[in-house]
Amino acid sequence: MLSNKFIRFVILLVCIHLHLSAFAITIKTNTIIAVTDSILISRVGEHLFPYFEISNEGTHYNYLASNKKLVSELLINKRKITKKFNEIWVLYQFNYTKMKV
């Protein structure tokens, strides 16, 4: 027999999952950029980070359209993503012309 605490815990997890899936449809572009910036800083360090710029052409997100086809849209031109997305791609370019040798 399952204990009463375990059943309550499972019901709580299901409710949290439903809540998050219902309200996690919008995400702001500034949040995405802040997260990717922090990942880049952790990988290359703060001393090289100023030489990287986000590319307008390579930064996009993918989502499934109503006809079940994968659609890609540019991310930089939007303030927030309102669709249920599958992937987010942020492309950084290293601007070596800013470096002083």
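Just so it is clear, the values below take in all heavy atoms, side chains as well, and ignore hydrogens, waters and symmetry mates. Residues: numbered from 1 along the sequence shown. The structure presented is a predicted model; accordingly, all values stated were derived computationally and were not measured.
Looking at heavy atoms from C-beta onward, Leu75 lies out of side-chain contact with Trp89 at the 4.5 angstrom threshold.
The residue from Ile33, Val35, Ile39 that alone fulfils the side-chain contact (heavy atoms from CB on, under 4.5 Å) condition with Asp37 is Ile33.
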Legend entry - Pair Phe85-Ile27, side-chain contact (heavy atoms from CB on, under 4.5 Å): steps then yes or no: CA-CA 10 Å; Phe85 56 88; Ile27 185 169; 3.6 Å; yes

Inset, instruction - Applying side-chain contact (heavy atoms from CB on, under 4.5 Å), run through Thr36 and Ile88 and close with a yes or a no. - result: CA-CA 10 Å; Thr36 57; Ile88 298 176; over 6 Å; no

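Residues Tyr61 and Leu74 approach most closely at CE2-O, 3.9 Å, considering heavy atoms. Closest approach of Ala65 and Val71 over heavy atoms only: CB-CG2, 3.5 Å. Taking all atoms of both residues into account, the shortest heavy-atom contact from Ile41 to Glu46 is CG2-CG, 3.6 Å. Scanning both residues, Ser55 and Ile76, for their nearest heavy atoms gives O-CG1, 4.3 Å. Pairing each heavy atom of Lys80 with each of Lys28, the nearest pair is CB-CA, 3.8 Å.
In this structure, Phe52 and Tyr92 have perpendicular ring planes: the angle between them is above 60°, well past the 30° mark.
Interatomic distance, Asn62 CG to Glu87 CD, rounded to the nearest 0.5 Å: 5.0 Å.
When hydrophobic clusters are built by joining Ile, Leu, Val, Met, Phe, Trp and Tyr residues whose side-chain heavy atoms come closer than 4.5 Å, directly or via intermediates, Tyr96 is grouped together with Leu40.
Distance alone, capped at 3.5 Å, places no donor-acceptor pair between the Thr59 side chain and the Val90 backbone.
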